[in-house]
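Lettering of chains follows the sequences in order, A, B, ..., and the numbering in each one begins at 1. When reading the values below, keep in mind they use all heavy atoms of this one structure, side chains included, and skip hydrogens, waters and symmetry mates.
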Amino acid sequence: MLKLYNTLSRSKEDFIPIIPGKVSMYSCGPTVYNYQHIGNFRTFFFEDILYRVLRYNGYKVKYVMNITDVGHLVSDQDEGEDKMEKSAKLLGRSVWELAEFYTGVFYRDRDLLNILPPDVYTKATDYIKEQIEMVKCLDDKGFTYKTSDGIYFDTSLLKDYGKLARLDIEGLQEGARIEFSAEKKNITDFALWKFSPENEKRQMEWESPWGKGFPGWHIECSAMSKAVLGNHFDIHCGGIDHVPIHHTNEIAQSEACNGEKFVNYWLHGEFLDMGNEKMSKSSGKFVTLQTLIDRGYSPMDYRYFLLTAHYKKKQKFSFDALDSAKNGYNNLKSRILAMKISSDGIRDATAQQREDLKKSFIEKINDDLNMPEAMSVIWETVKDSSLNSAEKLELIYDFDKVTGLGLEKLEKDSDNAEVPDEIIKLAESRAEAKAKKDFKTADEIRVKVREMGYEISDSKDGFDIKKL
RNA sequence: GGUGUGGUACCCAAGUGGCUUAAGGGGAAAGUCUGCAAAACUUUUAUUCGACAGUUCGAAUCUGUCCCACACCUCCA
């Protein structure tokens, strides 16, 4: 039985889909006005694990992710400039070009991290009509009011507003530091449709029953999930930061308009803790996947790193921690490679042991996606002395459908091809010296080669050269 | 001011009442192997879970108090 932690109930629940055997799932994707940083990818990774675990459990999953290419203001509370327009202005490009560019980078990074694409990507600008219709629906039902800058949702009309975040509305007002729009009736009210500024031509704007403008950020997820998955679906996920505002508002809009429960299970991924390194995009300073690549890490090192912590807990990022993940991943890979050489067969006699390991793995992933424990089962499998290589590999390849470390496709690095002739010659002369028992010369050559960036190591049939 | 989360070995990180005399990885150390190394293999590395009280037959896990760190209530995945 798959158990998932539901933010709505603040507890781990048995997962029971609306339609047996099928799962409908929506996750809040990237806002493509800038690069995604490694913190963003922690969330996309968590969603990938969720998707994989659902599929591993045999569910037929319809997974939708949105691409926000319009309307996400600098503040979630609908203050400030549109992030897309602001960023475009800064770079002197059109917002459309910008969105396309950053979407492309997002896809590339996603693939490098072996994150599976969803079944459907929905771009906010492709669903303007649906968003307008939803605002109209709310308007018709009397949930809206108009101010000088847009159509707003009146949150005081819902008695359970804020149930997801368990908001203490009174407390919010007391501690609020935001510039409170005087025209807003309640601090928690938010824009459904924003009017284009009169003195300014926006690059992205559309006609609507309320005049030229653009949709508020929250409405896109409500409208697009409705369009693709219907009024009521199984799982909605995203980053933990979306609980108090974005997801709270999605629930308000969707339930007010549709008149039925919106989502059964809300799952939220915790943040990556960068220590002193602030990761907010607005500060302009953040670590991207490319930063890691430039520093000599493979994107998959980062994936392995993410697998070592539970998604609901803050994970401390540091280059030391990433180093240890990289080493761990390398060790795992070399063990797998060593096993691949073997020509063992699967034995009936070990069926029980293999069954036990598999059961244990499933138990871990189904316990609210406990990947650190699942990784521990993988290591147990690797080190199990009662199983032969073929048996271990069969299990590990199966487990890797969830972990996504690319272990089945793993091939021995063709490092030797890149070793310069000069180094090979030195290695050969070292072998000669060794044969003559001239160990002093042999050691000198090894040191010299090491200084040149290569490591010579002896093997049964001669030597190996590895780039350092 | 309000709200919330967390403090587990040198580092990362599971575990939330007995199966754990606390997973797993990294690191470190020792041994086997080796001319010596490297790799590989084997072994070791928290009687202890921020502190102090308490509940219990039994607690890292529950309760209370305190200390510390962080996050959110602006933006952020």
Side-chain angles (χ1 to χ4, degrees), chain A residues 10 12 27-31 34 36-47 72-77 79-80 83 165-180 187-188 237-246 268-275 278-283 286 304-305 307-318 320-332 334-335 338 360 364 367 370-380 382-383 385 433-434 437-440 442-443 446-447 450 455-460 463-466:
Chain A
R10 295 289 197 282
K12 236 186 255 181
S27 76
C28 289
T31 302
N34 206 331
Q36 301 303 302
H37 54 59
I38 57 175
N40 298 118
F41 276 107
R42 182 178 185 206
T43 299
F44 301 135
F45 161 81
F46 138 66
E47 289 153 355
H72 195 166
L73 299 178
V74 169
S75 151
D76 276 359
Q77 290 285 15
E79 311 295 331
K83 286 179 177 175
R166 312 208 163 168
L167 288 183
D168 169 11
I169 312 243
E170 302 299 317
L172 279 182
Q173 282 176 339
E174 224 167 294
R177 277 180 287 158
I178 51 164
E179 261 181 70
F180 183 56
I187 187 148
T188 46
C237 40
I240 189 90
D241 56 309
H242 283 159
V243 174
I245 298 175
H246 182 53
H268 296 95
E270 250 297 351
F271 271 22
L272 187 67
D273 178 0
M274 294 298 287
K278 274 282 174 193
M279 287 285 282
S280 69
K281 286 189 190 167
S282 42
S283 76
F286 50 87
Y304 186 97
F305 168 80
L307 282 165
T308 64
H310 187 91
Y311 80 91
K312 254 169 46 56
K313 275 197 167 180
K314 287 186 195 77
Q315 181 174 18
K316 288 182 217 165
F317 178 86
S318 67
D320 279 349
L322 188 57
D323 280 337
S324 79
K326 178 183 179 161
N327 289 342
Y329 184 42
N330 282 151
N331 289 341
L332 180 62
S334 66
R335 279 174 183 262
S360 169
K364 304 306 184 191
D367 180 17
N370 195 332
M371 298 318 290
E373 292 272 16
M375 288 302 288
S376 151
V377 175
I378 288 185
W379 277 102
E380 244 178 77
V382 167
K383 295 188 168 178
S385 54
K434 250 186 66 176
K437 303 244 186 255
D438 181 2
F439 298 121
K440 191 164 170 274
D443 287 351
R446 187 165 56 198
V447 169
R450 190 177 298 137
E455 180 75 40
I456 300 176
S457 54
D458 296 332
S459 62
K460 282 189 205 87
F463 55 82
D464 281 328
I465 307 173
K466 224 172 65 185

Quiz item: Which is it for Lys313(A) and Glu270(A) under the side chain to side chain contact (heavy atoms under 4.5 Å, CB included) test, yes or no, and what are the steps along the way?
Solution: CA-CA 6 Å; Lys313(A) 275 197 167 180; Glu270(A) 250 297 351; 5.6 Å; no
Quiz item: Could one point to a donor on the side chain of Arg335(A) or the base of A40(B) with an acceptor on the other under 3.5 Å away?
Solution: no
Quiz item: So, are Lys364(A) and Asp367(A) salt-bridged, with charged N and O less than 4.0 Å apart?
Solution: no
Quiz item: Between Phe305(A) (CZ) and C11(B) (P), how many Å, whole number?
Solution: 15 Å
Practice problem: Specify the separation, in whole Å, of atom NZ of Lys440(A) and atom C1' of A37(B). | Solution: 17 Å
Self-check item: Residue whose nearest RNA chain B nucleotide is more 5′ - Asn331(A) or Ser457(A)
Solution: Asn331(A)
Practice problem: May I ask you to verify whether the side chain of Asp443(A) and the base of G35(B) hold a donor-acceptor pair under 3.5 Å? | Solution: yes
Quiz item: Across the strands shown, which category fits Lys434(A) at heavy-atom distances under 4.0 angstrom: base, sugar-phosphate, nothing?
Solution: base
Quiz prompt | Donor/acceptor link under 3.5 angstrom from Asp323(A) side chain onto base of C12(B) | solution = no
Quiz prompt | Whole-Å gap separating P (C76(B)) and CZ (Phe44(A)) | solution = 13 Å
Practice problem: Go through the steps to decide whether Asn331(A) and Trp379(A) satisfy the test side chain to side chain contact (heavy atoms under 4.5 Å, CB included), and finish with yes or no. | Solution: CA-CA 11 Å; Asn331(A) 289 341; Trp379(A) 277 102; 4.1 Å; yes
Quiz prompt | Between P of C76(B) and CD1 of Ile245(A), the distance in whole Å | solution = 7 Å
Exercise. For Glu270(A), answer base if it contacts any base atom (sugar-phosphate contacts may also be present), sugar-phosphate if it contacts only those atoms, and nothing otherwise; contact means non-hydrogen atoms under 4.0 Å.
Key: base
Quiz item: Checking Gln315(A) side chain against Arg42(A) main chain: does a donor-acceptor pair fall under 3.5 Å?
Solution: no
Self-check item: Between P of A40(B) and NZ of Lys383(A), the distance in whole Å
Solution: 11 Å
Exercise. Would you mind reading off the distance between His268(A) atom NE2 and G4(B) atom P, rounded to a whole angstrom?
Key: 17 Å
Quiz item: Which part of the nucleic acid, if any, lies within contact of Lys364(A), taking any heavy atom under 4.0 Å across all strands shown: a base, the sugar-phosphate backbone alone, or nothing?
Solution: nothing
